[in-house]
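Computed from a predicted model, the values in this text were never measured in an experiment. Order of the sequence lines fixes the chain letters, A, B, ..., with proteins taken first and strands second; residue numbering starts at 1 for each chain.
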Amino acid sequence: MRKSPGENSTAGKPRRGRGEVGEGRNLGQPAERGRAEAGIDEGRRWLVGAAAVSALVLAPGVSLIAYAEAAGRRAAGASSKTRWGLLIDTTKCKASCSVCVAACSSYNGWKNEGRPTDPQWIRKVQVSDPKTGFSRSVPVMCQHCGNAPCVEVCPTGASFKRADGIVLVDRHICIGCRFCMMACPYKARSFISENLTNQKPWAPRGKGTVEGCTLCVPRIDAGKIPACVEACSREGGGAMTFGNLKDPQSAIRRALAEYPAAQLRADLMLDPGVRYRGL
Amino acid sequence: MSAIHYREIEGQSAGFWALAALLTAFMAAGLTAAYFMAHIGHIITGMTNQVVWGMPHVFAVFLIVAASGALNTASIASVFARVAYKPLARLSGLLAIALLLGGLAILVLDLGRPDRLGLAMTHYNFRSIFAWNIFLYTGFLALTGWYLWVMMERRLNRYTRVVGTAAFLWRLILTTGTGSIFGFLVARQPYDEAIMAPMFIVMSLSFGLAIFILVLMAAFKGTGRPLGDEILMRLKNLLGVFAAAVLYFLLAFHLTKLYEAKFRGAEAFLLWNGGIYTFLFWFGAVLLGGVLPMLLFWLPQTRRSRAAVVWGSASVLVGGLALMYDIIIGGQAWPLSIFPGMHVSSSFYDGVVNFYAPSLPEFALGLGGCALALFIALFALKLLPFLPETLADEKVRPK
Amino acid sequence: MRDRPVILGALALLLVILSAPFWRGALAQTHGASPVIPAAKGAHCVRPVAWMRKNHMKLLMRLRYEAVHEGIRHKEESLPGCMNCHVSRLADGKYPSVTSRKFFCNACHDYVGVRIDCFSCHSNRPDVPYQAAEAMSRTLPVAREGRAATVVTARAARASSALSQGQERRWSSPLWRSQ
């Protein structure tokens, strides 16, 4: 028979305030009677036990508070009737062209000057088959996976998938552990290693958090298309098609229905929102 | 068997205070490094967008894995009822807590936003193995604290077996979780294997026991208490077995990887032409972490020598650190395979082996965490009776 | 106990230190200082002043969640929307730096000693997201015949090398070029 009730308190009882948690007080009673007679050692041992059970009791309790709060929120705005997708036709992608990169960099305010610590939300990857000589220049960015590994591994839930399929980092909650960067098969995420100034007002970014392609959510929420897609259509090869993957009449759906398009690392079954033609 | 008497260490000698001062210096260096990392940013470290986890994580994961294994001695005593190990159980529990705290301190201070720790403790994504690990670590601290309490409070000694078993099982789950941090990562070829979880358990047994032996010998030498061969040889033999087990798991892991064509590039890198990583694997993990300790522990010339125990345990630790470096950093150095079979290049270091050089702040932070663990152990030994008065042969030999 | 005076003395010192917010506040009242809050533009705020002083953090948290997680963005009830009215340029034409007391949020937050974390990431320049997005599109160059060929090629050639600072100026809206 156990003397201390601490371990039973974790079974889902609502936790209202610190005053109600029974640690310390309940434990103290049996020891109090003995302590009057015993010496200092008794008191010390009691303290060790009380501290241990307190930690065991408190740790799951605070998580239950957060869980209850989150469950109360309703979804609105971005709706799951939409799933934003990107189709990139690599046959129209010239190796010398990187307007998508320039547009993203300019709109979102990041710069890559070649240092290993510099961020890069989208990059052109020169791919070539060593056996056949086939080569392509492929823009690679966050693939906005349906089964995103970065969303699964984030300990705080800062890396999340919005209802409309866009995978984002809530930088208010990100603690900068970089586990999502370990988990991403596409190296889509970057970590900001230094203090930043002059951020774009519509694209806040700061030191100590992780960032990546957002599909230009401020633009999408205003009814526009991502900066890379717009730049490509105006100045590049017109390789990018953006649209709602759940709308059978959208340009991207019709294009995907007509010609096959590949997923990067399709073997991982991540269901990316970005598809590539010509690979 | 005669009753075991535990006594605090006096902690008044010049050696004690010198050690405390040295550890404090290392902790101060670690805190300074953490301060600069938090204020200037990770730009001052060697960690990049390619190698995102560096030296601090090597030390932190090493300490956390060792912490779980350090409890093993107590588990042998309480769960498997080996009476000879009973006097060691308290020190084992203490080391487990101290090492875990040291490892956690490094992890927390290395975060990009360490000021958001409170947020991390209140926002959980339950699908994340990382989040589960946070639960497991704090629960382990509490459970081991409780375990120490029932061991040290005479009236509660009858619960030692129950609580000890709970701590033992929790420890297994915890180390499985730590191994799964890497084992669950489908993205990287050097990881993504289920065997990493039990491999980490065996690594924990090896590293934890090595640290335990060294701390035990140092504590008894420093306080002039007798440490008989009976106990020491048992521990030494056990460590040899664990070191061999680590080698076995490494063999199974790499053989599986080598068998699959898609992993051969990564394996060739790690085992053959990876430069520092290959060197650390064969010379560090295999030779120093396994072969040399086994030779020292079991060759007739050295098997009864105390110096061999010390050097062998130290060798296990060095090999363990090398293995951790290989796993954590070597695993990130090998490029991601976004276009399997293809040759790639980009402005974001695709297709190249990623360069990493540990920096001073990272070493300072990592060593500061180790110093914290030893500091906690040192002062706990002084505050509470963790250490038996004697482990001389005639006292521990069961009658 | 030989150590009793030391322990009690240390405990007393600790109590004094921990209660500092209370007795320091009481002492400070003799100075009579108040925060200097920069004047805002517009007729009135989106909420009454007294309500805002008490609850602005809750409003910001809700708006933050809605914007990031649900994609619900309001024009005025948003951080840039607040700044549109509350953050004005200084005499020299620049916006106040996020660490200076002339910045609206810091005027009170410095006074009460509650550190805010917003502006390590958020810009000090007020902006309305929709308008910014519109302005951005207007400055994107449109491909035209003839001249477009040289323009596109030159641009593409520059773009294909490592990204340099020049490109940011090319894309940024005229509104911000003076920043």
Top of A:Cys154, A:Ala183, A:Pro130 for chain B proximity - count of heavy-atom pairs under 4.5 angstrom: A:Cys154
Which portion of A:Leu268 sits near chain B, non-hydrogen atoms under 4.5 angstrom: side chain
Point-to-point distance, once rounded to the nearest 0.5 Å, from OG of B:Ser359 to CE of B:Met47: 7.0 Å
Contact origin within B:Asn133 toward chain A - heavy atom pairs under 4.5 Å: neither
Option in A:Gly206, A:Pro185, A:Pro149 with maximal non-hydrogen atom pairs under 4.5 Å from chain B: A:Pro185
Part of A:Ile192 lying under 4.5 Å from any heavy atom of chain B: neither
Exercise: do A:Gln120 and B:Tyr349 side chains pair donor with acceptor under 3.5 Å: no
Among B:Ile181, B:Asn125, B:Asp110, residue most engaged with chain A (heavy-atom pairs, under 4.5 Å): B:Asn125
Winner by heavy-atom pair count (cut-off under 4.5 Å) against chain B, out of A:Arg189, A:Met181, A:Lys207, A:Met182: A:Met182
Atom CZ of A:Arg115 with >12 non-hydrogen neighbours under 6.0 angstrom: yes
For chain A, the option from B:Arg116, B:Gln332, B:Arg127 that forms the most heavy-atom pairs under 4.5 Å: B:Arg116
Option in B:Val51, B:Leu148, B:Leu185 with maximal non-hydrogen atom pairs under 4.5 Å from chain A: B:Leu185
Check against side-chain contact (heavy atoms from CB on, under 4.5 Å), B:Phe182 and B:Ile328: CA-CA 8 Å; B:Phe182 303 99; B:Ile328 295 179; 3.7 Å; yes
Row check, B:Phe348 ring normal vs A:Arg123 NZ/CZ: under 6.0 Å, within 45°: no
Any donor-acceptor N/O pair, B:Ser128 side chain to B:Tyr124 backbone, under 3.5 Å: no
Proximity breakdown for B:Phe339 and chain A, heavy-atom pairs closer than 4.5 Å: side chain
Exam field: side chain A:Ser106 to backbone A:Ala103, donor-acceptor pair closer than 3.5 Å: no
Top contributor to chain B interface from A:Lys124, A:Lys131, A:His172 [non-hydrogen pairs under 4.5 Å]: A:His172
Side chain A:Arg136, main chain A:Cys93, donor-acceptor under 3.5 Å: no
Option that, when pairs with chain B are counted at under 4.5 Å, heavy atom only, ranks first among A:Ser193, A:Gly176, A:Cys184: A:Ser193
Winner by heavy-atom pair count (cut-off under 4.5 Å) against chain A, out of B:Thr48, B:Ile43, B:Asn49, B:Val186: B:Asn49
B:Tyr356 side chain vs B:Gln50 backbone, donor-acceptor pair below 3.5 Å: no
A:Phe191 and B:His42 aromatic ring geometry - parallel, tilted or perpendicular at 30°/60° bounds: perpendicular
A:Val210, part contacting chain B, at a heavy-atom distance under 4.5 Å: neither
Residue, of A:Gly157, A:Ser135, A:Pro119, A:Cys174, that accumulates the most heavy atom pairs under 4.5 Å with chain B: A:Cys174
Contacting region of B:Ile338 [heavy-atom separation from chain A under 4.5 Å]: both
Side-chain donor or acceptor of B:Tyr191 paired with backbone N/O of B:Ile327 under 3.5 Å: yes
Chain A contact via B:Glu153 - which portion, at a heavy-atom distance below 4.5 Å: both
